[in-house]
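What you see is a predicted model; the values in this text were computed from it and never measured.
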Amino acid sequence: MRKRAKRGLRAPSASGAGMLRDAGRARAGRYSVGAGHPVPPPGKSLTRACGAGMEGSVRPQGERLQLLLRRCREAKACAYCPYSRFPVGAALLTAGGEIFSGCNVENACYSLGVCAERTAIQKAISEGHTRFRAMAIASDMGTEFIVPCGACRQVMREFGKDWDVYLTKPDGTYIVKKLDELLPLSFGPEDLKKA
Ligand code: THU
């Protein structure tokens with residue numbers, strides 16, 4: 001019996017708690033799975049309003065951060081990746097506090113596959129959201145934090161350089177990187193106006 005279902009490789013959601021690592025900022029903490037936070041049904045975005053502390057460049061914290069981390073793991077379970085067998089989930093937090101999740105969606109015509117990060121961004125954009133605060137990404141890699149591919153970094157950068165990307169492991173540990181750290185010296189929409 002294979003560990004994962006063949007169609008789409010729906011991976012079991014990860015669980016556990018671990019030390020929280022914050023890209024050199026030495027914050028410590030834990031997150032738990034199934035802690036009773038409301039989770040919208042698959043395919044629905046969270047519409048609960050965020051608290052006042054969510055505005056500006058403040059990082060998501062507490063329950064909202066835990067929900068973001070949980071949503072990326074849940075999205076991973078929906079990955080359609082029969083070719084790579086490498087499920088990825090992403091959860092994108094908008095400036096208004098909504099969360100849009102996405103998974104990788106592969107295709108028999110391999111080059112048409114799309115990453116989890118871009119799925120989440122396309123879902124958010126297509127519902128009218130263009131300002132983002134953070135994205136969390138999950139994979140099944142036990143030894144490495146999942147990092148976005150170059151194409152996804154560029155697509156993310158289209159919507160600003162000053163937002164946070166949570167790179168996670170299945171054990172619940174994560175590191176946080178600013179998009180500007182993931183894609184330094186980047187080209188963006190502002191540059192088109194400089195020529
Ligand atoms: N993938 C993602 O969805 N996000 C990443 O951050 C890295 C890679 C997907 C693309 C492809 O479906 C599979 O993982 C293997 O590359």
Side-chain angles (χ1 to χ4, degrees), residues 8-9 11 13-14 18 20-25 31 45 57 59-60 64-95 98-107 110-127 129-191:
L9 284 176
S13 60
L20 208 128
R21 283 203 265 150
D22 189 358
R25 272 169 273 255
Y31 72 78
S45 60
S57 59
R59 285 186 167 155
R64 183 51 56 118
L65 174 56
Q66 290 176 25
L67 182 59
L68 189 70
L69 295 166
R70 188 164 133 202
R71 289 289 303 274
C72 77
R73 291 193 302 273
E74 289 172 350
K76 175 168 63 68
C78 295
Y80 178 77
C81 54
Y83 309 108
S84 72
R85 300 180 179 276
F86 190 87
V88 182
L92 180 62
L93 178 65
T94 70
E98 293 189 52
I99 294 175
F100 290 86
S101 63
C103 61
N104 50 337
V105 183
E106 298 183 347
N107 193 279
Y110 293 169
S111 63
L112 296 184
V114 64
C115 293
E117 296 90 328
R118 277 177 282 163
T119 302
I121 288 175
Q122 287 167 5
K123 283 173 68 180
I125 296 290
S126 61
E127 294 198 24
H129 301 268
T130 54
R131 291 175 54 231
F132 306 127
R133 185 147 301 148
M135 178 182 278
I137 312 169
S139 84
D140 285 341
M141 282 193 295
T143 54
E144 308 289 331
F145 295 101
I146 179 71
V147 290
C149 75
C152 286
R153 293 179 198 207
Q154 181 65 33
V155 170
M156 292 156 84
R157 188 264 174 264
E158 179 74 13
F159 306 100
K161 295 189 280 189
D162 186 31
W163 50 292
D164 297 315
V165 186
Y166 289 78
L167 313 171
T168 75
K169 281 185 198 171
D171 67 1
T173 54
Y174 65 78
I175 55 174
V176 193
K177 298 283 186 189
K178 285 279 183 203
L179 200 46
D180 203 29
E181 294 177 85
L182 292 176
L183 192 67
L185 295 175
S186 64
F187 183 82
E190 316 83 47
D191 295 307

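Note: R71 CZ to L69 CG = 12.0 Å, rounded to the nearest 0.5 Å. Note that the CZ atom of F159 and the OG1 atom of T94 stand 13.0 Å from one another [nearest 0.5 Å]. Atom CG of residue L182 and atom NZ of residue K161 lie 13.5 Å apart, to the nearest 0.5 angstrom. Atom CZ in R73 sits 10.0 Å away from atom CG in L68 (nearest 0.5 Å). E117 CD to I121 CD1: the interatomic distance, rounded to the nearest 0.5 Å, is 8.0 Å. Considering SG of C72 and CD1 of I99, their distance stands at 10.0 Å, rounded to 0.5 Å.
Considering every non-hydrogen atom in both A124 and L92, the closest pair reads CB-CD2, 3.8 Å. Contact detail for R153 and L183: the closest heavy-atom pair is O-CD2, 3.7 Å. Across all their heavy atoms, T119 and G102 have their closest contact at CG2-CA, 3.8 Å.
Checked by atom type, the side-chain pair E106/S84 shows a donor-acceptor distance below 3.5 Å.
A donor-acceptor contact shorter than 3.5 Å links the side chain of T168 to the backbone of I137. Judged purely by atom type and a 3.5 angstrom limit, K123 uses its side chain to pair as donor or acceptor with the backbone of S101. Side-chain atoms of N104 never come within 3.5 Å of backbone atoms of G113 as a donor-acceptor pair (strictly under, hydrogens ignored).
In this structure, Y174 and Y166 have perpendicular ring planes: the angle between them is above 60°, well past the 30° mark.
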- Task: Let me see the working for K178 and D164 under side chain to side chain contact (heavy atoms under 4.5 Å, CB included), right down to the final yes or no.
- Result: CA-CA 5 Å; K178 285 279 183 203; D164 297 315; 3.1 Å; yes

- side chain to side chain contact (heavy atoms under 4.5 Å, CB included) evaluation trace for Q122 with F100: CA-CA 9 Å; Q122 287 167 5; F100 290 86; over 6 Å; no

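The side-chain heavy atoms of T130 and I125, taken from C-beta on, include a pair separated by under 4.5 Å. The closest side-chain heavy-atom distance from L167 to K177 is below 4.5 Å. Between C103 and Y80 the shortest side-chain heavy-atom distance does not fall below 4.5 Å. Side-chain atoms of F132 and M156, non-hydrogen and from C-beta on, never get closer than 4.5 Å to each other. Considering only heavy atoms from C-beta on, W163 comes within 4.5 Å of M135 through its side chain. For the pair V165 and E181, the minimum side-chain heavy-atom distance is 4.5 Å or more.
For R118, there are no side-chain hydrogen bond (donor to acceptor under 3.5 Å, both in side chains) partners two or more places apart in sequence or in a different chain. P184 pairs by the side chain to side chain contact (heavy atoms under 4.5 Å, CB included) definition with nothing, not counting sequence neighbours.
Ion pairing between a basic and an acidic side chain is recognised when a charged N comes within 4.0 Å of a carboxylate O; E190 and R157 show such pairing.
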